[in-house]
Structures are given as C-alpha cells and as structure tokens.
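A note on names: the letters A, B, ... follow the listed sequences, proteins ahead of strands, and every chain is numbered from 1.
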Amino acid sequence: MKRLLAGMFFFGLGWSQRPVGRESLPDAKSLVDRHVQESGGWEALQSVRTLIVRGRISFAELGVSGKVTVYEGEEGETYQVMELPGAGKVETGNNGDVEWERSTIAGPKIVRVASVPGGLLRPSALRGLSLLPSVKMETIGLDRVDGRPCYQVRLSPPAPLPAQTQCYDRDSGFLTRTSLSIRLGDSTMQVVTVLRDYRDTGPVKNPFVTETQMPGQSFRIDSDSVHVNEPLPPEALDLPEDIRILAARKKDDMRTLEPEDDPDRPKLRRKKKR
Amino acid sequence: MASLRLILAILSAMPAAAQTGDGLKPLTPRERELNRQSFELVWTTVRDQHWDPKLNGVNWKSARWRTLPRIQRAKNMDEVRAALRRMLDSLGQSHFSILPAEVYREIDLSEPGGGQPPVASPGGGPAAASEKRQEECVTGIEPGMVDGQAMVVRVRPGSPAQKAGVRPGWILEKVDGVVMRSTGDVIGAAEIQEKERYQVAAIEAWLQGPLDKEVEVDLLDGTLQRRTLRLPRMRPEGRLAGFGHLPAERVWLESRRLPYEVGYVRLNVFLDPEEVMPRFEKAVRECLPCKGFIIDLRGNPGGIGGMSMGMAGWFFRRGGQRLGTMRSRFLTEDFEIHPRPETFTGNVAVLVDGRSASTAEILAAGLQDLGRARIFGTPTAGAALPSQILKLPNGDGFQYAVASYVSRNGKKLEGQGVAPDTIVSHTRASLLDGKDAVIDAAVEWILKEK
C-alpha cells in the first residue's frame, strides 16, 4: 500500500511534456501536484514510515471473500495475509532477505532469497523520487470514472517499470484510476484499478476502496482501518518456521551448486531450450 | 500481485453441480427478456473468455443464430436451459453447464448489502447455505460398477448397511424396486464422457434420500442368494464445506497405516483445505520412515486445484518442478510444486478410477509425469478444466471453463484422462474375500520396488 503511494508519486513528479494540440487540457504535472496536495502534501507523504491496513477482500467471480491485513515496515519490508473461509490463509512476505508465499492450500514457497542482506527491499518512496526526472508524462484526454469526469495522464517511466495511464478526478483532484500492463508468468495482461473513498489517515489521505479488474478476474478491497506510522506488532515481519528452513536450504543450494546445476526452474527451462 | 497470482493458481474446477427444478411454468414477458439477456451473457462470455480464441473449432456465430430462436420460442425455463446446454455442448468440453436458479441459490455467496462483499460465517458461507436444504442421507453402502454390474464395493463401519450385514461384493439388484443393472446399462450405452461417474452417481442417487425414510434394497449375496433389506439412512460422513461458487460437499479424509509399513490416505473431494491439508500433513509426517505411501483418489471428482500442489510438496525435496500448466486466454500459470521442509522419500502409489476427475487427475498425472508415483486403477474421467460460475440475469448459474490444462509432459487431460501404469480394478471375488485388489496391487509394487 505504501508502495502504491510511492509508485503513484514516483510517477507523478516527473517532468511534464505539454502535448501539441492539447492546450485545453491541464498540464500533467499540475494534475499530479494537485493530487499530492489533496492527499496531504509532499512533506506528509515523505513522512510515511509504516503502514497497517485491515479490511476485507472479495473475488467476485470466485464468490470468495475474507479478511485482509497488510503490514509495511520502515525499510520497505512487507507482510500480507488473507483469511478466506473455505480456503484458509494466503500469506506473502518480504523481509528484504527472503521473498516468500505460503497458503493453506498450496504450502510454502520461497520466491527469492537475496544474495546480499536486504537485497530484496524495493525502492522506498524517497529512493523512488530520485528517479523522477526520467519519467515522461502527458495529459492525453478526458475520461470518466464512476460517472465523474477525470483527466487522463500517460506516464512513461524508464524500463523495466511499466507505462501506465492514470485518471485524476476533475473536481476533487484525486487519482481515481490506474491502468497498466503487467506480466504474470509468461503472460501480459491489462490491469485496471479504481480508487475511491479517500479519507484522512494521519498525515495523508488514502483510498479506502480499491477495485481491480483484469481479464476474467476482479477483486475489491474495502479497508476498515488504515494506520500510518504506528509501530508494527513485533512478530509481524518474522519469517515463519517452515519458510526459514526452506530459505536456509535455498541459500545453501545457491552456495554449493554451480549455476548450471541450480534447480530453479528458469535456469532449467533455459537449459532445455538450448 | 504475488497474492493474486497465488489465488489464481489455486483455482480449479468441480464437475458440474446437480441440476434440478421443475422449470415448467409458462414464462412471463419479463422472464423472456431476462432469458434473452442471459443467452447474450452466456454467448459473449464463451466468445470472450474461452481459453481458445478459435473455440475448439466451433462456429460460434452459427451457434448463436441456431440458439437464439430457441430461446425466444421457449415456453418454459426447462426449454431455455435445454437450448443453452445444447449450445454449450457443441463445444464438446466438460465444465460448461447451466445451473437452475434453485441450485445456484444454494451455492451463491453474492452480497445482500448493495455491493458490499459477503462476510462468510465461520465454517464457510456455502456450507451454511446448504445446511438449509434437506440433505440427502445414505445407507452406508458405497456402490461401484464391477464387471458391468452394480455392486457394493465398501460398507461404512457402523452404518445401517453394516448393521444389516451387507458385505462388499454383493450385487445390487434393485433399490426401491428399480433395477440397478438397467440404470447402469442405460448410462453405459450412452455416448457420454465420464460414464462410470454417472453410472455410480445414478445408483447413489437411488440409495440416497431423507433421513426418516427407509430404502428397500435387493441384493445378491456371496452365494447368489437374494436378500431384501429395508435399510434406514444416516447422515453422510464428513464435514460440509464449500469454496466460493463451488457447491458445498461433505468432505472426508481417511488415513491409516497398512501392513508392511505402508501409509494410506483416501480423500473424497479436494475441498476444505483448512481441515484436509493439516490431516494430510499429519498422515505423511507420521509415515516418513514408511516404505511406501498410497494416495487413494478413486471416486474423487476434484475441487480446489491448488491442493494438488500443496500435497505434491510432501514428496519432492527440490523446487522448480510443476505438475502441469493451466492456460487461459490471458494467463499461463504453472501448477508449481512447493517442497516442504521434511519430505517423504519412499515409493508413492496413486489409486484412480473412472470417477477420478479434475484436481485428482492433475495430481495423478503430475506425479506420474515426474516419475514420482506409479498409478494404479482404471483410466480417469478426463474432465480437468478449471471453471467458474457466473450468475445470469434470469437467476440461473452459468458454469464455464476458463482454462485448459496440460500435464507436465504435455498431456491434455481433458477427454483423455490419466492412463494408469497398472490397470487393475475390483473383482467380485476379491471383494467377497474382503480385499481391495487395487490397494493390494499398489502394496505389492511398493514392497517389490526399491
């Protein structure tokens, strides 16, 4: 969630380029700046250190819904848990050294282990801001979200970050929709997220409802509470025991195996193709 | 997004739910309009969501123009559903079906509160919903088709059938006066997929009924003497559980230690992971030094696909392997195996039959392809497509497959199923001897194989 904010503003602060023939549309930078202002301002955003979100998540097509809790730590560590009746827990975590997933259904999985301590931490809001000068943005038109007019802004960050289109509400100034192509496995798909119901959450305002649509699937998160800069529960970012064992094993494998013997699937696949 | 990927990966399918309802009432103009809208939704969903943009070679536009007049002319809901089913049948694939509104309501979790997501009660919303309907109760007889005959293959301990002295191997002649052989023959002669599943389901349906009503059963015992018994019914075993739009089912897992240090687990359906996965874990953990482990998936129609990944993880030490791959029009997703910290290293046997479908086939085929298990039994149903259920404007449910599935070695399971390494099935003689020929074959292999 904090990363969402970071990404939003990382994309938002780039040098704007006024498109030819679109003089009637507001400048992209001014739209982003207005959203920042409405959300609490730059200083407030940069003061965000921790985030705790509690709410409900529902997958309409599956008829599945349950509780969701998200923790984000000061260094960018994350832990998210969904508790879905009929399915059990679905957890994901990243403490900077280990990125992992675990579910009642499918069991534990080590996604990645870092070769250097903290190597998996993603850019924080502040670190992301340093990249802003290289982001191109332009206002490309007027659209509607939930029946309300909004300005479309096209953002083109440097690779490998994906380009995205955002929509800023004409009246409130808030970001109300993002649209981007993401890669899942071997596939690319268009993901559209609508953001609604911005509320005060300490120093900044956050959307309390997000609805994400992609081909064949959609999910919605209704936040019950969003706490900014509150201390996380001490154990929130600890690795579960099975994950700790599997991560240690994976690290050992990385140390002892020659690269061509690494059992990780991507390498196996590349080897097969040859 | 990682969580989303995880959720997508755990999706799989249940075979179509039972279809009931009178549906003979004449339609009002409003209902006709809703049926037209429902037809449009079904047609466009298949056109836009089917994993194969060529729709298995079917001319879908032509199907539209053939079906729409039937929908418009339909006199009642049964005719509407028949027309839609006929259109869907033209795809020649499993997991495309129409669920009558009364069935869909039983499994619907949709929100009563104006767009608010439903908050399911502990134990699962669908289960709670299904508690409301009168549950079909059982006698304790588990029927099967053996050598073309309807036969008792298992008797539940403590059940009315066991108390009445019913034994495996007895031939089921009649249930409430209906000749079972005829029932099996009619289905057996039909050109349908999953024949064995439907044959046994039909026999089970005759045996099931209200708790307070006895059923009359005519059986031929081991000496071919006719026995007519009036059996009371009992509640079916297992915990009622559902998952999203999948119909709630009674779920049970049986685990025990067989002679010669062989572990054994039998699961009737891949649902209720909160209960089933820890029990599966316990069964494997308690048997880590065993010579072999048997996973019995006979009669298992599938369920939550991801449970196959979680179970397989107990039999592989290294990651980076997959049971197979699911492909939708928008996404390709591997059924990855997630190894556990401790794993079972002995021989693994998987037991299947013609009623093993979907997730059961995914697990069996994946373990077979990876050389981790030997498969015993008879060819599986060949019904392995992941599906979803959508509510139609007329209140019916529309189940549609969202992806294809190929096993790790590229085998399409749909329509073909899993071919066992050792073909073996019950015989009347072995049943009468109190034996299970399929388990015996698996144990024999485990003890022989190093």
Side-chain angles (χ1 to χ4, degrees), chain A residues 56-68 80-82 84-92 94 99 101-111 182 184-191 212 214-217 219-220 222 241-242 244-246 249-250 253 262-268, chain B residues 1-11 48-49 107-111 116-127 241-246 271-274 277-278 304 306-307 309-310 313-314 318-322 328-334 336 338-341 388-390 402:
Chain A
R56 289 159 289 136
I57 186 165
S58 54
F59 298 85
E61 286 81 2
L62 299 177
V64 172
S65 68
K67 288 199 297 184
V68 62
Q80 176 180 313
V81 57
M82 291 185 275
L84 306 170
K89 278 188 183 180
V90 180
E91 301 167 278
T92 56
N94 180 350
E99 186 178 349
E101 299 171 353
R102 188 170 72 157
S103 71
T104 307
I105 286 174
K109 178 187 176 184
I110 305 301
V111 180
I182 61 161
L184 273 180
D186 297 335
S187 317
T188 302
M189 63 167 70
Q190 192 70 14
V191 179
T212 300
M214 63 188 69
Q217 289 295 332
F219 65 93
R220 170 184 167 122
D222 291 76
E241 180 66 8
D242 51 356
R244 198 181 51 71
I245 294 168
L246 291 169
R249 186 184 295 171
K250 183 139 185 163
D253 288 348
D262 191 327
D264 281 355
R265 191 186 56 208
K267 286 182 177 131
L268 274 179
Chain B
M1 204 48 76
S3 310
L4 175 65
R5 195 175 63 236
L6 205 58
I7 283 286
L8 292 173
I10 64 179
L11 296 182
D48 299 340
Q49 305 278 333
I107 61 175
D108 184 21
L109 256 185
S110 67
E111 61 271 35
Q116 292 300 306
V119 180
S121 56
F243 176 61
H245 290 314
L246 295 181
L271 280 176
D272 199 8
E274 290 161 291
M277 297 306 283
I304 300 174
M307 288 173 73
M309 296 151 64
W314 288 103
R318 287 212 178 280
Q321 304 195 77
R322 66 188 197 281
S328 72
R329 197 179 291 190
F330 317 103
L331 181 68
T332 298
E333 195 66 37
D334 286 336
E336 288 178 44
H338 302 159
R340 308 287 174 145
Q388 293 183 353
I389 300 176
L390 181 71
V402 293

Using every non-hydrogen atom in the two residues, find where A/Pro85 and B/Phe243 come nearest and quote the distance to one decimal. O-CD1, 4.5 Å
Rounded to the nearest 0.5 Å, what separates atom NZ in A/Lys250 from atom CZ in B/Arg318? 10.5 Å
Between atom CD1 of A/Ile105 and atom CD of B/Glu274, what is the distance when rounded to the nearest 0.5 Å? 8.5 Å
A/Pro108 and B/His338: which non-hydrogen atoms are nearest, and at how many Å? O-CB, 2.9 Å
Over all heavy atoms of both residues, which pair between A/Arg249 and B/Arg340 is shortest? Give the atoms and the distance, please. NH1-O, 3.6 Å
Nearest 0.5 Å please: distance from the CE atom of B/Met277 over to the OG1 atom of A/Thr104. 8.5 Å
Heavy-atom pair of closest approach, residues B/Pro273 and A/Gly86: CD-O, 3.1 Å
